[in-house]
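All remarks here apply to the structure that follows.
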Amino acid sequence: MPHYTLDEIENTQYTDEVKYAVRYGYQYRREAEEYAERNANFHHSLPEATTILYWLANLVISGVAYDLIKKYAKALWEKLMSMKTRIPDDVNTLLIDEDELKKFVVYVKEFSSKEVSAKDEQIKYIREEIIADYIGETAGEIWTDKKRLPSHEEWLKIYKDANVFANDLLENNSNDDN
C-alpha cells in the first residue's frame, strides 16, 4: 500500500477534527439523510468509527487529491483482502464503492470547512447528535469522578456548553432555535 502501513493506520492518534468530521460530517449525516426526512423521533447512537475511516478523513482534511485517496482506498482494500481480514460492512462499502467514497470525501470536507450543504432538517438532526454526545460525555465524567449525577446547576451549564459546542462545530450551519 502506498507509504501507509496498517500498523500506522491503527496506531495513529487522530485529531478531534478528524474524529468529528467522520462522526458528524459523515456517519450522522448519512443517518440524517435517512431519518430526518421522515421526521423520525428516534436517533441511533453510533459506535465509534474505525481507524480506517479516520485515516481516510485525515487524507481528505490534509488536502490529498480525490484520485490519490481513491488509489489508497483500493490499495488498502486489496491489502485487507489478501490478509483475509474481516472488514466491517461500512468500511468495505466505502473502500470499493466509488460513489460512497466520493460522498465520504465531500461530507468530510464540508464538515471540516464548516460548509455543510445538507438540508435544514438534516443539520438539525446532526446538531442534536452533537449535543447528545456532549451531554452524555460530560455527565459521564461527573459520574466517574464524583460518583453522582450532575446537580441542577451543572445540568444547566452542560446544556449551555453543549449548544455552544454544537454551534462551534457547525458554525454557519447551526440552527438558532435551540
Side-chain angles (χ1 to χ4, degrees), residues 1-37 43-134 137 165-174:
M1 190 170 74
H3 80 274
Y4 290 99
T5 67
L6 290 174
D7 281 344
E8 288 174 331
I9 291 170
E10 290 293 323
N11 295 316
T12 297
Q13 293 295 316
Y14 296 97
T15 65
D16 285 344
E17 178 185 11
V18 167
K19 291 177 181 179
Y20 296 151
V22 170
R23 184 165 182 82
Y24 305 118
Y26 176 69
Q27 292 179 306
Y28 272 118
R29 181 163 176 186
R30 294 293 317 272
E31 288 285 307
E33 289 172 346
E34 185 173 345
Y35 296 108
E37 297 298 311
H43 293 245
H44 291 102
S45 179
L46 300 179
E48 185 173 341
T50 68
T51 54
I52 292 171
L53 295 184
Y54 293 153
W55 172 71
L56 287 168
N58 195 48
L59 294 175
V60 172
I61 292 170
S62 298
V64 174
Y66 173 75
D67 288 340
L68 201 50
I69 292 171
K70 184 170 90 172
K71 179 180 172 183
Y72 287 171
K74 183 176 192 254
L76 176 58
W77 185 82
E78 289 171 354
K79 177 73 172 168
L80 293 169
M81 294 305 291
S82 74
M83 295 171 57
K84 298 187 181 343
T85 301
R86 187 197 170 294
I87 306 170
D89 290 341
D90 61 333
V91 174
N92 191 50
T93 300
L94 193 60
L95 294 177
I96 62 174
D97 181 339
E98 188 172 346
D99 289 337
E100 194 61 31
L101 183 60
K102 283 180 185 175
K103 187 180 285 189
F104 177 85
V105 168
V106 168
Y107 288 4
V108 166
K109 194 177 293 186
E110 284 183 0
F111 192 86
S112 177
S113 64
K114 300 179 189 322
E115 296 177 355
V116 178
S117 64
K119 296 176 182 175
D120 287 344
E121 312 87 54
Q122 295 168 348
I123 292 171
K124 184 175 186 265
Y125 186 99
I126 294 165
R127 185 176 195 287
E128 289 169 357
E129 293 299 341
I130 293 168
I131 290 169
D133 283 353
Y134 185 95
E137 185 176 319
F165 181 67
N167 288 342
D168 288 346
L169 287 183
L170 293 169
E171 205 171 67
N172 297 330
N173 298 304
S174 65

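- Looking at R127 and I131, their side chains come closer than 4.5 Å, going by heavy atoms from C-beta outward.
- In this structure, the side chains of I9 and L76 come closer than 4.5 Å at one or more pairs of heavy atoms.
- Within the model, atoms OH of Y26 and CZ of F104 stand 7.0 Å from one another, a figure rounded to the nearest 0.5 Å.
- Rounded to the nearest 0.5 angstrom, L53 CG and N58 CG are separated by 12.5 Å.
- Evaluation of the side-chain contact (heavy atoms from CB on, under 4.5 Å) rule for T93 yields D97, E100 as partners, not counting sequence neighbours.
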When you look at V22 and F111, which way does the side chain to side chain contact (heavy atoms under 4.5 Å, CB included) test go after all the steps? CA-CA 9 Å; V22 170; F111 192 86; over 6 Å; no

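- For Y24 (side chain) and L170 (main-chain N/O), no donor-acceptor pair under 3.5 Å exists by modelled atom type.
- Side-chain atoms of V60 and V106, non-hydrogen and from C-beta on, never get closer than 4.5 Å to each other.
- Considering every non-hydrogen atom in both I126 and A32, the closest pair reads CG1-CB, 4.2 Å.
- If you run side-chain hydrogen bond (donor to acceptor under 3.5 Å, both in side chains) between E10 and each of T5, T51, T50, only T51 comes through.
- Using a 4.5 Å cut-off on side-chain heavy atoms (C-beta onward), L95 and L80 make contact.
- The neighbour count for N11 CG, taken as heavy atoms of other residues, nucleotides or ligands under 6.0 Å away, is above 12.
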Determine, stepwise, if the pair W77 / N92 fulfils side chain to side chain contact (heavy atoms under 4.5 Å, CB included). CA-CA 7 Å; W77 185 82; N92 191 50; 2.6 Å; yes

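- Note that NZ of K119 is 10.5 Å distant from CZ of R29, once rounded to the nearest 0.5 Å.
- Atom OH of Y20 and atom CG of D133 lie 9.0 Å apart (nearest 0.5 Å).
- Under the 3.5 Å distance criterion, the side-chain polar atoms of K70 are left unmatched by any main-chain donor or acceptor of A65.
- Using a 4.5 Å heavy-atom threshold, the side chains of L101 and Y66 count as touching.
- Taking the six-membered ring for Trp and thresholds of 30 and 60 degrees, Y125 and Y35 have nearly parallel ring planes, at less than 30 degrees apart.
- In this structure, A118 and I123 approach most closely via the heavy-atom pair O-CD1, 3.5 Å.
- With sequence neighbours excluded, the residues satisfying side-chain hydrogen bond (donor to acceptor under 3.5 Å, both in side chains) with S112 are E17.
- Rounded to the nearest 0.5 Å, atoms CZ (F165) and CD1 (I130) are 7.0 Å apart.
- When side chains are defined from C-beta on, K103 counts as touching E33, because their heavy atoms get closer than 4.5 Å.
- With respect to D90 and R30, no salt bridge is recorded, no charged nitrogen being found less than 4.0 Å from a carboxylate O.
- Smallest separation of non-hydrogen atoms from E8 and Y14: O-OH, 4.4 Å.
- Residues Y28 and E128 form no side-chain contact, since every pair of their non-hydrogen atoms from C-beta on lies 4.5 Å or further apart.
- Pairing each heavy atom of R23 with each of P47, the nearest pair is NH1-O, 3.6 Å.
- Separation of atoms CD1 (I96) and NZ (K74) is listed at 11.5 Å; rounding is to 0.5 Å.
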